Amino acid sequence: MLPDLIEIVPLKSPQDSTVILPGSKSITNRALILAALARGTVVLRGALWSEDTQAMVECLERLGFAVQVSSDPAEPANRTLTVQGHGGTIPNAGTPAQPLELFVENAGTAARFLPPMLCLGHGSYRLSGIPRMHERPQAALVGALRQLGYRIDTPNDRLPAVVHGTGPHPGAACSVSVEESSQFASALLLSGGIGGWQITVTGGNEDELPYVDMTRRLVEDFPWEGGTYDIEADASGASYFWGADWLLWNFFDSCITVVPTPTSGMQADQKFLDLMTQDAWKPSYSRRTDLADSIMTAIVLAPFAAQPTQFTDLGRLRVQECERVVALRTELTKCGARVEESGDTLTVYPGTLHGAEIETYNDHRVAMCFGMLGVLVPGMRLVKPGCVRKTFPNFFAKLTELGAVIRDADGAPLSGDDLLA
Ligand SMILES: O=C(O)C1=C[C@@H](OP(=O)(O)O)[C@@H](O)[C@H](O)C1
Ligand SMILES: C=C(OP(=O)(O)O)C(=O)O
């Protein structure tokens, strides 16, 4: 287990290395919902095994779906998951007086993808998560499910919420806004085929909805009658190693190879790799149209760019694992960067960084962004780095494979299980 404070000691000399990526969180949690709804047994290969996906598996098990978990020899943070689909029915349910309890931790995908699926059941289900998940938006999803004719009890349109399932409502229609999160639309689309729902997505142009396109593609390609589905490696997780390669290459001429390379085009963060090729850095990136979660990786790399960089449309980042815009500005500034916040835009200026004690705000991506900088910037210390368990439990073990050393508060180097979240 990772201790509550670690320091990353940068690489001393150039070293070529290969990093194996775990599976995509977004694809794994979509595939788990679809597998449960499928009409046969579905084997998910290369599925991510992290807090977010374990939360989803535990919810499915409580709902009565059998999920067999076996190790994946290719990657310790992956599993092969064999799910017994029930053809659109939900085996277990509670009553209005005693709903079946489901706990989603801080997994946005579980908190959003499960409610429409629970509407397909017959009975009552209470969804809750950690306190931050109870602050994160759910209103547009709750509103859409009510339009479809389902009863959802929540005093403030957030979690905890009780969903009362009454089975498919063929022909029912709803419109859902993706303003606060695109996961609302994905959630409805995953269960909408079985529910018989007509779904209209509002609040985003076609080129602004890569995660909704991902959902549509999975629904289309999924083995609904049973079979095998391979989960692609995580492009958002890859960004930290593509970024480390860019940082180190500028100084050392060393090379990090990241495998397997996500190439399906399903993950918007696949595009992050293009930024990392020589002279490709642009003066401006939008969270809506350019990058997804990897925009955070780009923000912390921006002090190393040749010119100031603007990061726009960051509004949604304020309601995710933490208030990410403020977190990134605060922690980057601590490291000596010049960062300006104006509306939902951050402007980051070129400059030299130094190490600092970084708050991670229980946000895996804050921990991974500054962990990545630690391969080059001396003195980078991270408070509570274990939050990487949300999507990348062996992230720091992989960082040591690049040649970085991770030390505890007493300066002792960590190895083996001590590097795992
Ligand atoms: O659909 C998904 O799998 C995701 C959608 C994005 O969230 P928003 O749509 O809330 O921006 C992203 O940040 C999250 O990590 C995963
Ligand atoms: C926003 C994220 O997660 P989620 O919304 O799935 O909890 C993320 O992984 O950066």
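Not measured: the values here are computed from a predicted model. Each ligand, and each atom within it, is numbered from 1 in the order the structure gives.
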Original post:
Of all the non-hydrogen atoms in the protein, which one sits nearest to atom 3 (O) of ligand 1, and at what distance?
Top reply: Ser26 OG, 2.6 Å
Original post:
Using a heavy-atom cut-off of under 4.0 Å, does the side chain or the backbone of Arg136 touch ligand 2, or both, or neither?
Top reply: side chain
Subject >> Interfacing atoms of ligand 2 (cut-off 4.0 Å, heavy-atom, Thr109) >> reply: 6 (O)
**OP:** Report yes if some N/O of Gly108 lies less than 3.5 Å from some N/O of ligand 2; otherwise report no.
**Re:** yes
Original post:
How far is atom 6 (O) of ligand 2 from its nearest protein heavy atom, and which residue and atom name does that atom have?
Top reply: Lys25 NZ, 2.8 Å
**OP:** Quick one: look up the protein heavy atom nearest atom 6 (C) of ligand 1 and list residue, atom name and how far away it is.
**Re:** Tyr211 CE1, 3.5 Å
Subject >> Where Val383 and Thr360 come nearest, the two heavy atoms and their spacing >> reply: O-OG1, 2.6 Å
Original post:
Is Arg324 in contact with ligand 2, taking contact as a heavy-atom separation below 4.0 Å?
Top reply: yes
Subject >> Ring centers of Trp242, Trp249 separated by less than 6.0 Å >> reply: no
Subject >> Sub-4.0 Å atoms of ligand 1 with respect to non-hydrogen atoms of Thr109 >> reply: 3 (O)
Original post:
Counting heavy atoms only, which of Val319, Leu317, Asp293 is nearest atom 14 (C) of ligand 1?
Top reply: Asp293
**OP:** Tell me, please: is Arg287 in heavy-atom contact with ligand 1, that is, under 4.0 Å?
**Re:** yes
Subject >> Glu51 and ligand 2 - part of the residue with a heavy-atom distance under 4.0 Å >> reply: neither
Original post:
Should you measure from each heavy atom of Lys390, which atoms of ligand 2 turn up under 4.0 Å away?
Top reply: 3 (O), 4 (P), 7 (O)
Subject >> Flag, side chain of Glu331 to backbone of Glu359, donor-acceptor distance under 3.5 Å >> reply: yes
Original post:
Between Thr400 and Ala397, is there a donor-acceptor pair closer than 3.5 Å when you use the side chain of the first and the backbone of the second?
Top reply: yes
Original post:
In the protein, which heavy atom is nearest to atom 10 (O) of ligand 2, and how far is it?
Top reply: Arg365 NE, 2.6 Å
**OP:** May I ask you to list the atoms of ligand 2 that are less than 4.0 angstrom from any heavy atom of Asn106?
**Re:** 7 (O)
Subject >> Shortest non-hydrogen separation from Ser264 to Gln270 and the atoms involved >> reply: N-OE1, 3.4 Å
Subject >> Geometric N/O contact Arg30 with ligand 1, under 3.5 angstrom >> reply: yes
Original post:
In terms of atom number and element, which parts of ligand 1 are under 4.0 angstrom from non-hydrogen atoms of Ser181?
Top reply: 8 (P), 9 (O), 10 (O)
**OP:** Could you check atom 2 (C) of ligand 2 against the protein and tell me its nearest heavy-atom contact, residue, atom and distance included?
**Re:** Glu321 OE2, 3.0 Å
Original post:
Does the Ser286 side chain pair with the main chain of Thr289, one donor and one acceptor, at a distance under 3.5 Å?
Top reply: yes
Original post:
Is the shortest N/O to N/O distance between Gln320 and ligand 2 below 3.5 Å?
Top reply: no
Subject >> Exercise: do Tyr349 and Glu340 side chains pair donor with acceptor under 3.5 Å >> reply: yes
**OP:** State if His364 counts as touching ligand 2 under the rule of any non-hydrogen atom under 4.0 Å.
**Re:** yes
**OP:** Answer yes or no: is there a donor N or O on one side and an acceptor on the other, between the side chain of Glu75 and the main chain of Ala77, under 3.5 Å?
**Re:** yes
Original post:
Once the angle between the rings of His169 and Tyr150 is folded into 0 to 90°, is it parallel (under 30°), tilted (30 to 60°) or perpendicular (over 60°)?
Top reply: parallel
**OP:** Quick one: closest heavy-atom pair of Cys174 and Leu188, and the distance?
**Re:** SG-CD1, 4.2 Å
Subject >> 4.0 Å heavy-atom contact, Gln183 with ligand 2 >> reply: yes
Original post:
Of Gln183, Gln320, His364, which has the heavy atom at the shortest distance from atom 4 (C) of ligand 1?
Top reply: Gln183
**OP:** Just jot down the ligand 1 atoms closer than 4.0 angstrom to any heavy atom of Lys25, in number order.
**Re:** 14 (C), 15 (O), 16 (C)
Original post:
Got a donor-acceptor contact below 3.5 angstrom from the Thr215 side chain to the Tyr211 backbone?
Top reply: yes
**OP:** Locate the shortest heavy-atom distance separating Phe241 from Val19; write the atom from each residue and the value.
**Re:** CD2-CG2, 3.9 Å
Original post:
More than 12 foreign heavy atoms under 6.0 Å from CZ of Arg381: is that the case here?
Top reply: yes
